[in-house]
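Each chain gets a letter, A, B and so on, in the order the sequences are listed, and its residues count up from 1.
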Amino acid sequence: MACNSSGCESGGCYGREKDNGCKVVDVKETVRLCVKCKSNEPMTFGDGGSDDGRFCAECFRSNVYGKFRLAVTSHAMITPSDNVLVAFSGGSSSRVALQFVHELQVKALKNYEASRDRSLPVFGVGVAFVDESAAYPSLSGGMSDAIAWVRSTVLSLSPPEKDLHVVPIESVFGSDSVEARDRLVKLLDSVSDETGKEDLLLHLKMLSLQKVASENGYNRLVVGSCTSRLASHVLTATVKGRGYSLSADIQHVDARWKVPIVLPLRDCVWQEITRLCHLDGLKTVELARHPQSGINDLVSSFVALLQEENPSRECTIVRTAAKLTPFYFNKIPETDDSCVPMATQRRLKKFNLKYDGSMTTEAFCPICNGPLNGSDSSEDESDALYDACCSSCRFQILPQEPSSLDHFGSLLPHHMISQVKHHQKFDSQTYLREKIKDCLLLDDEEAV
Amino acid sequence: MERGEAKSKKAGGPPRLCCICNERRPVLKRPKTLQQICRECFYEVFEEEIHQAIVNNGLFKSGERVAIGASGGKDSTVLAYVLSELNRRYSYGLDLFLLSIDEGITGYRDDSLETVKRNELQYGLPLQILSYKDLYGWTMDDIVKMIGLKNNCTFCGVFRRQALDRGAALLKVDKLVTGHNADDIAETVLLNILRGDIARLSRCTSITTGEDGPIPRCKPFKYTYEKEIVIYPFCCFKSSLDYFSTECIYSPNAYRGFAREFIKDLERLRPRAILDIIKSGEDFRIATTTKMPEQGTCERCGYISSQKWCKACVLLDGLNRGLPKMGIGRARGGGVNGGDHKKETKAGSTVKTLESKQCGSLDF
């Protein structure tokens with residue numbers, strides 16, 4: 001049995017070491033090996049985090065990449081016939097996502113070129129960068145440099161070549177940049193709640209990504225959200241009264257959008273991601289953040305505090321939220337796609353990884369796209385927009401005075417407001433469905 | 001600072017008139033809504049909202065015997081006062097009692113019990129006191145002497161829950177009400193998320209719990225803010241409410257403290273967030289199968305239990321045999337940090353331990 005005390009001269013240590021005496025401390029150090037492969041020296045990142053000095057560089061890397069790959073295959077995130085758009089912010093998480101997707105693509109290309117029948121095509125990859133300087137003027141200074149850096153990064157990730165789409169956030173309003181910018185500023189100014197403004201911008205950002213994805217023929221949107229970010233999201237959603245829609249946001253797949261969103265890094269923690277960037281020399285660009293004083297920031301600080309007290313807290317939070325029942329759209333939708341290879345089709349069917357796209361039993365908030373809880377509907381049918389929105393958006397985004405609602409509606413991008421009319425038109429249908437939902441025998445919609 | 005919800009304009013100028021009655025001068029800003037409000041309107045709206053919570057959720061039926069868990073602290077004292085007042089005003093037809101538990105904590109509980117005894121006289125509500133000494137043969141002072149300041153809250157919480165049920169049975173009451181307020185429930189929702197307790201998460205927002213158990217318990221203060229409970233006695237000139245307001249002397253740095261601090265900060269930014277947390281808790285999509293554990297009875301004492309022996313019996317057995325760690329989590333000596341990791345172990349606990357609460361506040 002190894003003796004832990006230094007300077008020990010007990011009988012038990014003799015004969016165990018080749019060199020003299022009981023220099024147990026030294027022996028312990030030189031014998032330290034990666035706990036996984038037991039052959040290489042473990043990496044120390046010195047960042048004070050857990051698991052420091054346990055794995056060698058290769059094993060660490062393969063652990064993280066392994067989680068990515070498992071998420072991709074077990075949720076059918078990326079299949080051979082897909083055209084994937086990676087949302088890239090320049091930060092560590094999306095940089096790792098981009099890197100891993102690229103490596104997956106390179107491997108697929110290698111297999112394709114090596115195979116005889118060339119049956120499985122290589123999926124396509126594009127990159128999208130959202131330029132938020134119209135919303136945050138403080139960003140405009142460093143923006144052109146940032147974009148140049150993004151461009152060169154994407155260029156370095158070929159072959160296979162990847163298109164880069166620089167998307168100004170105001171593009172949700174149309175292609176005329178001056179007018180669009182104007183409309184964006186007007187819209188943001190009309191939201192008085194600080195947190196509401198931040199959240200509205202997130203929704204617009206997603207809308208702009210969806211727009212560029214569908215206009216350029218992509219059928220998957222990869223978002224680099226990691227466990228840590230989701231942990232914050234769980235808490236912000238809870239404190240904003242969005243408990244019902246929470247389970248929709250934190251799954252691996254979110255297919256309520258036209259271009260389904262996939263989260264391949266959902267099971268990786270922030271620490272792993274930063275360590276990987278450090279290890280592989282993956283450069284990132286952090287655009288200057290404007291000072292935030294809302295709830296989102298408060299929650300981030302709270303989570304950071306909890307992490308200090310217990311480094312696995314983020315994982316526990318996300319694990320708890322993962323026990324909530326997801327929605328039917330948290331799987332890749334079934335599409336009548338004849339160019340999907342047979343092998344893929346068979347596999348998807350076998351593991352029940354898709355759902356029937358015609359099942360639409362949920363109504364969604366036009367602003368945040370959150371599924372609406374039946375109890376959220378307002379009593380007085382005063383304003384179509386007010387009725388259509390979830391209670392959280394009603395409070396923090398919509399203006400409080402009923403007389404301003406109409407004007408506010410006119411400021412929203414077309415895509416959001418068109419949903420309101422849609423909601424109204426099918427109101428009776430969804431209402432009836434809601435009523436008889438309890439009597440319907442649901443097959444696997446709500447099965448855990 | 002987030003936009004306030006005050007109806008009256010806040011730019012410049014002194015406050016004009018109370019938002020509600022538009023007659024009197026406002027004296028305070030209502031914590032829940034930031035409305036500028038006069039004293040009378042405050043206690044009127046305070047009492048009215050509680051009345052609505054009681055009526056809309058069908059908490060009571062006429063003729064029921066109801067015990068109020070009374071610790072002598074602010075929540076239960078205000079509860080006793082408001083409930084007896086509303087009972088009279090709206091003719092709920094309830095037979096009200098005060099039920100107090102003496103955990104045997106010198107310098108804390110004996111003082112707060114004096115408060116409850118005064119309440120008995122002030123409100124004319126019959127009082128029943130049960131002590132740990134009588135029920136279990138141990139006072140909290142004895143227990144702490146034996147096990148120290150780690151895990152003491154677990155013992156106290158488990159014992160108190162059973163003590164309240166036993167007291168309720170002695171008084172032959174139909175229901176138990178406790179003074180848990182909105183802040184408490186919001187903290188509990190957050191705690192359950194942080195700790196991964198999905199089963200508790202699904203139950204903790206219910207205004208009535210334990211309907212299929214020995215005695216149902218309700219929380220009429222579910223939507224009442226803690227700050228408003230503090231303000232209420234000052235506004236209520238009808239009678240001054242005296243209550244006891246110090247922390248239990250054995251309360252460690254419980255994990256709940258994290259959630260409490262966070263909620264205080266949150267309330268400053270957006271007062272309605274407390275109610276939003278409760279709403280989220282109610283709306284979480286949790287499969288009904290995770291809700292209740294298998295219900296049986298304790299082989300030793302007959303109390304409700306999901307295991308062979310109820311938690312109180314397990315703990316008592318441990319105490320009596322000089323094995324104070326029995327029934328506490330899974331890790332043995334896993335760390336020596338205050339009370340932070342009472343049951344919070346890396347291995348996780350397969351034994352469903354009852355949630356412990358800080359001493360001084362009543363159990364669910």
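When heavy atoms are compared at a cutoff of 4.5 Å, B:L190 approaches chain A solely by way of its side chain, counted from C-beta outward. Contact annotation for A:S247: only side-chain heavy atoms (C-beta onward) come within less than 4.5 Å of a heavy atom of chain B. Only the backbone of A:A237 comes within less than 4.5 Å of a heavy atom of chain B; no side-chain atom from C-beta onward does. Looking at A:V234, only its side chain comes within 4.5 Å of chain B, counting heavy atoms on both sides. Contact of A:R242 with chain B is made through the backbone alone, with heavy-atom distances under 4.5 Å. Heavy atoms of A:L298 lying under 4.5 Å from chain B belong to its backbone as well as its side chain.
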Task: Verdict with supporting geometry, B:D197 and A:K323, salt bridge (Lys or Arg N to Asp or Glu O under 4.0 Å) - done: CA-CA 10 Å; B:D197 199 332; A:K323 294 181 192 165; over 6 Å; no
Open item on the list: For a salt bridge (Lys or Arg N to Asp or Glu O under 4.0 Å) check, start with the C-alpha distance between B:R30 and B:E49, then their side-chain angles and the critical distance, and finish with the verdict.
Closed with: CA-CA 13 Å; B:R30 210 193 150 187; B:E49 282 180 6; 2.9 Å; yes
TODO: Using the ring pair (Phe, Tyr, Trp, His ring centres under 6.0 Å) rule, take A:F364 and A:F327 through it: C-alpha gap first, then chi angles, then the decisive distance, then the call.
DONE: CA-CA 12 Å; A:F364 298 93; A:F327 290 80; 8.0 Å; no
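Within 6.0 Å of atom CZ in A:R229, 12 or fewer heavy atoms from other residues, nucleotides or ligands are found, so the atom counts as exposed in its surroundings.
Most heavy-atom pairs under 4.5 Å with chain A, from the set B:L275, B:V189, B:I193: that is B:I193. Among A:V299, A:T238, A:L305, the residue with the largest count of heavy-atom pairs under 4.5 Å with chain B is A:T238.
In terms of modelled atom types and a separation under 3.5 Å, the side chain of A:S404 and the main chain of A:P399 share no donor-acceptor contact.
With values rounded to the nearest 0.5 angstrom, B:C204 atom SG is found 5.0 Å from B:N192 atom CG.
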